[in-house]
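Worksheet: the structure to be examined is printed underneath.
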Number of protein chains: 2
Amino acid sequence: MKKGKITIKDVAEYASVSPATVSRVLNDYKWINSEVKERVQKAIDELHYVPDFTAKAMVRGRSQVVVVIVPIIDNHFFTQLINTVIQEMKKYGYYVVVYTTESADEECSFLGSSICQMADGILDATSLKELSPLQNVKKPMVLIDRYFEGNTTIDCVMNRNYEALYQGTEYLIRHGHNKIAFLVGAEGHGIAEERIRGFRDGLQAHGLPWREEYFIQDCWKTKAGIRYASRLLELPDPPTAIIAGNNTLTTGVLEAVRNHGMTPGGDISMIGFEECDEDVQAFARHGITSFRLDTSAIASCAVKLLLNRMEQSGKRAGARVEALELNFIERTSVCAPSL
Amino acid sequence: MKKGKITIKDVAEYASVSPATVSRVLNDYKWINSEVKERVQKAIDELHYVPDFTAKAMVRGRSQVVVVIVPIIDNHFFTQLINTVIQEMKKYGYYVVVYTTESADEECSFLGSSICQMADGILDATSLKELSPLQNVKKPMVLIDRYFEGNTTIDCVMNRNYEALYQGTEYLIRHGHNKIAFLVGAEGHGIAEERIRGFRDGLQAHGLPWREEYFIQDCWKTKAGIRYASRLLELPDPPTAIIAGNNTLTTGVLEAVRNHGMTPGGDISMIGFEECDEDVQAFARHGITSFRLDTSAIASCAVKLLLNRMEQSGKRAGARVEALELNFIERTSVCAPSL
DNA sequence: CTGAAAGCGCTAACAT
DNA sequence: ATGTTAGCGCTTTCAG
């Protein structure tokens, strides 16, 4: 064997055909003499020829690579998302570059990097608050689990957060609660706002007042959840039910409730969110009634949208926005308020 | 603006220089007229020029991309690993393709794919049992958390599993135990075997017999851990201490112990493994004495080794094997055996 | 059905 | 200090 790597030329020579023919075999072009085809295949195998990725990508203008961007957060929601994306994309012959962003600025510069330029598409659980930098991206792109008011240009997969909170609030009211607290984080890139809106409208629809002391918006951390839930429980006129705005806060509320010697569904009612498999197990054990996010479904849906976009790249049909149902899992953490 | 994408030629024209000069500015070559440099930079900015990834990679023979291969397992060890790798690699200007393998065969064919051919290096938490297919890979490669007997060719990062188990066994013996059980999985790609060896030698060094009924090797699942630990506890002559072979089994053993109305460090002693942040929190709460894997350290070390290999690619200096210390976290789950 | 040749966008000698 | 030129390895007309 010679020095350098084996190219299509070497294979061609070895099989006594032209490079063009080898290329045709490689991309199984239909009308090739089957005897020639075999000979070429043999050459490929014997020389252990592997087509050059860069050359192929350059000349075809497609790389079979997609980029997934996630914020650098320890929530398993994202890791599960990535897993599903990788496996789904694999089915269609795509490889996945994973990138974690630490800030909006960093994300912007990454979006303008040559790796994004070479990718065929981008899946973005963006950290940006503004839509405009995203609209400059020329690649097919799908936003994951993000809500932008009035977005009509970029494809998007998210959950019916508004509906879920509305429904959850109603559910509590139907069970006789009228002192309902809601704990939520900031920085949800639209999702916190949607959940708050659902809660507010749920109360309003049933004529319940908005009580400032029952609404806490700060951050998504479990520790904060414990602290704020404790504060709620120690109020002179405490709520009879608490809604936790995401999975980590649910864990926090649960912990606070137990620290106070109370039982969810006994002395107090609560509704939570479960976003990962771990949550499901933990919350089921404690009978927490909650909304389940189907992470795999979100990922699959995003992949589907992106593939679709990539096929008909160019056509600028308006943004498709998929809003997935949140599954309401009724367990035992909601009871009638104890008087 | 014209139709197609903007190339280095367009920039050159716009700035009235040659493409070569633009290229020099791009790769900040030292001896360029600063006035020209500015003009070129302005052209780049104004035209929103982004260098073509494929062309650059092709001509330079380097892509700034590395591949990370992990088995498709839900253990957070791997997700944490990937996170660290991405962030570390980012510092050095590398992007990361993540690939999850479902079988050894699939991994082999992936290793021979053109994406691996284009990557500058590979980080592999391999699913392979044999070393030989890996030895055929021509790219710089580092194996993660894998042990291959007699490997002298491929760089490798792993933990001192043998030493940990030896130490743990001794620790129990020093506390007066002589009926020590060990629960471990199969399919550890060398790591199960190393831990078993450490346990065996630990017993032997102190003249304790190997008792078949105290040794269970099946799988790594928590459920199996619960089942087998229960079986151990219900033995006519039960062990006074149990060592769990990894994090999920530790969870299982803990659960079984509690199901039997026992307390770790009270009625029974146990030692576990904590491999992720979640484990640390959960085990700390229950006072589980255990060995801590520093996932980030493993990842960083692997990245370091790989970068090193990539720099001096070509030089076939023998394999470097880094074996990281496992941190023994002494808590309260080990006491003297109750007689 | 197959071969010849042009060129994708860039870098790296080699000139100047 | 900058321009000219020759490819990198592949696909894809265009001829035959």
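In the text below, chain A, chain B and the rest are named by the order of the sequence lines, each starting its count at 1.
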Assuming nearest nucleotide by heavy-atom distance, tell me which of B/Ser23 and A/Val36 is located more 5' along DNA chain C. A/Val36

Taken to the nearest whole Å, NZ/A/Lys5 to C1'/D/dG9 is 7 Å

Please determine, for the side chain of A/Val59, which listed nucleotide (C/dG9, D/dT11, D/dA1) has the closest atom? D/dT11

Nearest whole Å is fine: how far is C/dG3 C1' from A/Glu13 CD? 15 Å

From C-beta outward on B/Lys56, which listed nucleotide comes closest to its side chain: D/dC10, C/dT11, D/dG9? C/dT11

Whole-Å gap separating C1' (C/dC1) and CG (A/Asp28): 16 Å

Can you check the B/Arg24 CZ to C/dC10 P distance for me, whole Å? 15 Å

Distance, rounded to the nearest Å, where A/Gln64 contributes CD and D/dC10 contributes P: 16 Å

Roughly how many Å is it from NZ in A/Lys37 to C1' in C/dT2, rounded to a whole number? 15 Å

Donor-acceptor side-chain pairing of B/Gln41 and B/Arg39 below 3.5 angstrom: no

Of the listed C/dG9, D/dT2, D/dG9, the closest approach to the B/Ala55 side chain comes from C/dG9

Taking the cut-offs as 6.0 angstrom to the six-membered ring centre and 45 degrees off its axis, would you call B/Lys90 and A/Tyr99 a cation-pi pair? yes

Does a side-chain N or O of A/Tyr49 approach OP1 or OP2 of D/dC10 to a distance below 4.0 Å, or not? yes

Check whether any side-chain N or O of A/Thr21 sits under 4.0 Å from OP1 or OP2 of C/dG3, and answer yes or no. yes

What is the separation between atom CZ on A/Phe53 and atom P on D/dT11, rounded to the nearest whole Å? 13 Å

For DNA chain D, whose closest nucleotide is more 5', that of B/Asn33 or that of A/Val50? B/Asn33

Are the aromatic ring centres of B/Tyr95 and A/Phe110 under 6.0 angstrom apart? yes

Inspect the contact between B/Asp28 and B/Lys37 and indicate whether a charged nitrogen and a carboxylate oxygen are less than 4.0 angstrom apart. no

To the side chain of A/Ala20, which of D/dT12, D/dG9, C/dC10 is closest? D/dT12

Under a 3.5 Å cutoff, is there a donor and acceptor pairing between the side chains of A/Glu107 and A/Thr126? yes

Within this structure, what is the CD1-to-P distance between B/Ile8 and C/dG7, rounded to whole angstrom? 19 Å

According to a strict under-4.0 Å criterion, is B/Ser18 in side-chain N/O contact with OP1 or OP2 of D/dG3? yes

